[in-house]
**Student:** 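Have a look at this one.
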Amino acid sequence: MSNKLTIGMFGFGVVGQGLYDIIKTKNLNLEIKKFVIKNADKKRSLPADLFSTDAEAILGDPQINTVVELIDDAEAAYRLTVRALKSGKNVVSANKKMIAGHLEELVDIQHEYGTSLLYEGAVCGSIPIIRNLEEYYDNELLHSVSGIFNGSSNYILSKVFNENQLYADALKKAQELGFAETDPTLDVGGYDPKFKVCIVASHAYGIYVKPDDVFNIGIDKLGQQDIRFAKEKNFKIKLIPTAKEIDGNKVVLYVLPRLVGKESMLYNVENENNGVLVKAAFADEQFFYGKGAGGHPTGSAVLSDIAALRYGYRYEYKKHLESSALNYSQDYLIKVYLRYTDDQLIEKLKFSEITERYYAADFKYVIGHINLQQIAAHKADLDQEGNFIAEIA
């Protein structure tokens, strides 16, 4: 028999509304007792007595045994989550920045207080990658987990490559559709997929890596020359976070645009869809595909976590028990395409090998091998206008 869940929900935005739309169609053993929101004056689709602006309406109610956290503010979400877990309430969250930044502490709190924090909706929308890493791959040696983790940037790149839209126009359309925020930096700057790959790495490899220690470059400096180059070589550009085991005792994490060929399963992942590639020692390569943005897809992942809590489910973090031999590293050689304006940047980056070099009045690039440590050390230079870097798989 399932346990009755009495739910308090923080936030009632796109995902909250999507979750509620799904719940009301189901006959589940749960009840949403209270919503806590920030703006009391905003018109809602539900009765006013269900809403409050006071967090105590949820945290101080002993009848509420499950908290669903769906707010944007990562630090506020952290405080609410800690308070709920310590007071005996289980939590479901979709806040990837909060979880990535505080995961080790949140795991310790769960163990100490016997509560459960689930966050499938924080990583790849409707794709159940965390549950699969926890349950299906719990005894597998994983060579890598990578893919398209951000629906906003993928939507923009799809419009650029498939419909010849300008980057600025595609970004504006993504914002109009609600796929990208007014300030899109988290998405197009590669920060959102960085938070997600940190969470993935914890379940795949049993390591805790702070997002600030992970190198990320986004697509915000993408230019028409880069698009033309990719098309001439029959590539598309995708924004790819990567978690990879190397040398038997190290794990590398990074986020970079990547030139992807037709042989890759990521090549045809378009619009707001996500795709996750898992390469394992025994299961070989497997691919997960699904909606990565939108209220209903993310809401379905949140509901999956809520439903699991009815039966006492919690993450066991099994890989952490076996992770003593694995360490985080940035010492990893990758092949890149780099468009640049200042020749001094090439000297600074210290390529170990340059295999191709092109000069023109308005376009200079090199292709070669470089250590990830060198790229990370010069992120500020790479972020300057006129530069764009992408991995070549």
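Sequential numbering from 1 along the given sequence is applied to the chain's residues. These values consider heavy atoms only, across backbone and side chains, with no hydrogens, waters or symmetry-generated copies.
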**Student:** Could you go step by step and tell me if Tyr365 and Glu356 meet the side chain to side chain donor-acceptor pair (under 3.5 Å) rule?
**Tutor:** CA-CA 8 Å; Tyr365 75 79; Glu356 185 176 334; 2.4 Å; yes
**Student:** So, are Lys236 and Glu270 salt-bridged, with charged N and O less than 4.0 Å apart?
**Tutor:** yes
**Student:** Just one of Tyr340, Phe388, Tyr358 clears the ring-ring contact (aromatic ring centres under 6.0 Å, His included) bar with Phe363, so which one?
**Tutor:** Tyr358
**Student:** Under 4.0 Å between a side-chain nitrogen and a carboxylate oxygen: does that hold for Lys33 and Asp61?
**Tutor:** yes
**Student:** Is the shortest distance from a Lys or Arg side-chain nitrogen in Lys250 or Asp247 to a carboxylate oxygen in the other one below 4.0 Å?
**Tutor:** yes
**Student:** Would Lys379 and Asp383 pass as an ion pair if we require N to O under 4.0 Å?
**Tutor:** yes
**Student:** Can you sort out the partners of Ala307 under side-chain contact (heavy atoms from CB on, under 4.5 Å), two or more places apart, ordered by chain and number?
**Tutor:** Arg310
**Student:** Answer yes or no: is there a donor N or O on one side and an acceptor on the other, between the side chain of Asn95 and the main chain of Ala77, under 3.5 Å?
**Tutor:** no
**Student:** For Glu391, check side-chain hydrogen bond (donor to acceptor under 3.5 Å, both in side chains) against everything at least two apart and list the hits.
**Tutor:** Tyr254, Arg258
**Student:** According to salt bridge (charged side-chain N to carboxylate O under 4.0 Å, His left out), who are the partners of Asp331, at least two apart in sequence or on a separate chain?
**Tutor:** none
**Student:** I'd like to know if the side chain of Asn274 and the backbone of Lys291 have a donor-acceptor N/O pair within less than 3.5 Å.
**Tutor:** no
**Student:** Go through the structure and list residues passing side-chain hydrogen bond (donor to acceptor under 3.5 Å, both in side chains) with Glu245, not counting sequence neighbours.
**Tutor:** none
**Student:** Are Asp284 and Lys279 close enough for a salt bridge, meaning some N to O gap below 4.0 Å?
**Tutor:** no
**Student:** Whether Lys159 and Glu163 form a salt bridge (side-chain N of Lys/Arg under 4.0 Å from carboxylate O of Asp/Glu) is what I want to check.
**Tutor:** yes
**Student:** So, using side-chain contact (heavy atoms from CB on, under 4.5 Å) as the criterion, who are the partners of Thr185 when residues are at least two apart?
**Tutor:** Asp183, Tyr191
**Student:** Can you sort out the partners of Phe235 under side-chain contact (heavy atoms from CB on, under 4.5 Å), two or more places apart, ordered by chain and number?
**Tutor:** Ala230, Lys233, Leu259
**Student:** Would a line drawn from the ring center of Tyr315 to the ring center of His203 be shorter than 6.0 Å?
**Tutor:** yes
